Amino acid sequence: MSVAEFLRQRAVEVTLNGSYSLPRWYDCEGKLRSFACRTKRVSPFRMIVDVPVVGKVGERLTSYFQDFGEFQCTISATLKSGFLMELDMARARRAWMSEKLTWLEKKQKDASVQELRQDARFVPQVPHTFLTLANGSTHSCFIIDVSTAGVAISCEYDPPIGTPLAVGACVGRVIRKFHHGFAVKFAEKQSRDDLVRLIVRTPMLQSA
C-alpha cells in the first residue's frame with residue numbers, strides 16, 4: 001500500500017516511542033542493531049513511523065512498542081525520514097489493537113495527563129536533527145526525547161562514551177549507551193523555551 005492510500009484510511013494520529021531492527025544492520029560485535037522510532041499514524045493493519053535509518057521496500061523487520069508489544073512487519077513504502085510498515089498478526093490481536101488505539105486516542109486528547117514539570121523529558125514535534133563531531137563531520141540522527149539537561153539519541157553513527165559532540169547547537173558529551181541509542185548530557189543546562197530551536201537543525205541550517 002502507498003502512503004497516500006493509507007492517509008485516506010481510518011487510522012489514529014498517535015505518537016508512541018518504540019524500537020526496530022533491520023536485517024542487514026549489525027554492530028562491531030556482530031549483533032543485530034536496534035534503533036529508536038516513533039509512530040505518526042497507526043491502524044490495526046499498518047503504521048507510519050519516523051526513524052533514523054530508513055529500510056527498503058519489501059524488507060522484513062521486527063519492531064517493538066511498549067503499548068502494543070512486538071510486531072513482525074514488512075516495509076511497503078518509504079518516506080524521507082520514515083516508512084510505512086504492514087503489520088503481520090492474527091485476527092484476534094487486530095481486534096485487541098483496534099480497542100487499544102481507541103483508548104490511546106482518547107488518552108492523548110486528555111490534557112490532564114500532560115507532564116508539567118519544568119525539567120521533564122519531552123518529545124519534540126520534529127524528531128530529526130544532526131550531530132556535529134569535534135572534527136567537523138556531521139551525522140543525521142533521531143531524537144528519542146529531550147530535557148533541559150540532555151537528550152537521548154538514536155543514530156546510524158555509534159559514538160563511544162565520553163565523545164564530545166553537538167546536537168544541533170547544543171554542545172555536550174555522550175554519557176551513557178543503551179540498547180537502541182545513547183544519552184548526551186549538555187555542557188550547560190538549556191532554557192526549555194529555547195531548547196527545540198537549538199536542538200533541531202535541518203541540513204540547510206547545519207551547513208550555514
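Remember, it's a predicted structure, so these values are computed and weren't measured experimentally.
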Undergrad: Can you sort out the partners of Asp50 under side chain to side chain contact (heavy atoms under 4.5 Å, CB included), two or more places apart, ordered by chain and number?
TA: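 Checked Asp50 against side chain to side chain contact (heavy atoms under 4.5 Å, CB included); matches are Lys40, Ser81, Pro127, His128, Phe142.
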Undergrad: Tell me, please, which residues at least two apart from Glu99 pass salt bridge (Lys or Arg N to Asp or Glu O under 4.0 Å).
TA: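 With sequence neighbours excluded, Glu99 shows a salt bridge (Lys or Arg N to Asp or Glu O under 4.0 Å) to no residue whatsoever.
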Undergrad: Return the orientation label for the Phe68 and Trp96 ring planes: parallel under 30°, perpendicular over 60°, tilted otherwise.
TA: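 Rings of Phe68 and Trp96: perpendicular, as their planes differ by over 60°.
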Undergrad: My understanding is that only residues two or more places apart in sequence, or in another chain, count here; which of them pass salt bridge (Lys or Arg N to Asp or Glu O under 4.0 Å) with Glu70?
TA: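 So Glu70 forms no salt bridge (Lys or Arg N to Asp or Glu O under 4.0 Å) with any residue.
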Undergrad: Check the pair Tyr64 / Ser21 against side-chain contact (heavy atoms from CB on, under 4.5 Å), numbers first and verdict last.
TA: CA-CA 9 Å; Tyr64 176 81; Ser21 57; over 6 Å; no
Undergrad: Ser43: what forms a side chain to side chain contact (heavy atoms under 4.5 Å, CB included) with it, not counting sequence neighbours?
TA: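 In terms of side chain to side chain contact (heavy atoms under 4.5 Å, CB included), with neighbours along the sequence ignored, Ser43 is linked to Phe6, Ala11, Phe45, Arg46.
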Undergrad: Can you see which heavy atom on Phe65 is nearest to which on Asn17, and at what distance?
TA: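 Closest heavy-atom pair between Phe65 and Asn17: CD2-O, 3.6 Å.
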Undergrad: With sequence neighbours excluded, what pairs up with Thr15 under the side chain to side chain contact (heavy atoms under 4.5 Å, CB included) test?
TA: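 Arg38, Gln108.
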Undergrad: What's the shortest heavy-atom distance between Pro52 and Ser154, and which atoms?
TA: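 It is CB-O, 3.6 Å.
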Undergrad: Please give the remaining members of the hydrophobic cluster of Tyr26, linking ILVMFWY side chains under 4.5 Å, ordered by chain and number.
TA: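 Other cluster members: Leu32.
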Undergrad: For residues 165-181, pull every pair meeting side chain to side chain donor-acceptor pair (under 3.5 Å), keeping only residues two or more places apart or in separate chains.
TA: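 Listed once each, the pairs are Asp158-Lys177.
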Undergrad: So, using side chain to side chain contact (heavy atoms under 4.5 Å, CB included) as the criterion, who are the partners of Ala4 when residues are at least two apart?
TA: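 Result, side chain to side chain contact (heavy atoms under 4.5 Å, CB included) vs Ala4: Ser2, Arg8.
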Undergrad: Heavy atoms only: give me the nearest Ala36-Ile144 pair and the separation to one decimal.
TA: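 That closest heavy-atom pairing would be CB-CG1, 3.5 Å.
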Undergrad: For side-chain contact (heavy atoms from CB on, under 4.5 Å), just list the numbers for Met85 and Tyr20, CA-CA rounded to whole Å, side-chain angles, deciding distance to a tenth of an Å, and then say yes or no.
TA: CA-CA 11 Å; Met85 55 190 191; Tyr20 71 104; over 6 Å; no
Undergrad: With sequence neighbours left out, write down each residue that passes side-chain hydrogen bond (donor to acceptor under 3.5 Å, both in side chains) with Thr78, or none if nothing qualifies.
TA: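 Partners of Thr78 under the side-chain hydrogen bond (donor to acceptor under 3.5 Å, both in side chains) test: none.
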Undergrad: Can you check whether Leu16's main-chain N or O pairs, donor with acceptor, with Thr39's side chain at less than 3.5 Å?
TA: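 At least one qualifying donor-acceptor pair exists.
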Undergrad: Among residues at least two apart in sequence or on other chains, which ones pass ring-ring contact (aromatic ring centres under 6.0 Å, His included) with Tyr157?
TA: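 So Tyr157 forms a ring-ring contact (aromatic ring centres under 6.0 Å, His included) with His139.
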Undergrad: Could I get the full list of salt bridge (Lys or Arg N to Asp or Glu O under 4.0 Å) partners for Arg60, not counting sequence neighbours?
TA: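 Testing Arg60 for salt bridge (Lys or Arg N to Asp or Glu O under 4.0 Å), a comparison that skips the adjacent residues, returns Asp88.
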Undergrad: Please give me the minimum heavy-atom distance between Ile161 and Ile175, naming the atom from each residue.
TA: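 Where Ile161 meets Ile175 most closely, the heavy atoms are CG2-O, 4.0 Å.
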Undergrad: Could you work out, with salt bridge (Lys or Arg N to Asp or Glu O under 4.0 Å) as the rule, every residue matching Glu13, not counting sequence neighbours?
TA: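 Applying salt bridge (Lys or Arg N to Asp or Glu O under 4.0 Å) to Glu13 gives Arg41.
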Undergrad: What are the two closest non-hydrogen atoms of Phe182 and Cys155, and how far apart are they?
TA: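 Looks like CE2-CB, 4.1 Å.
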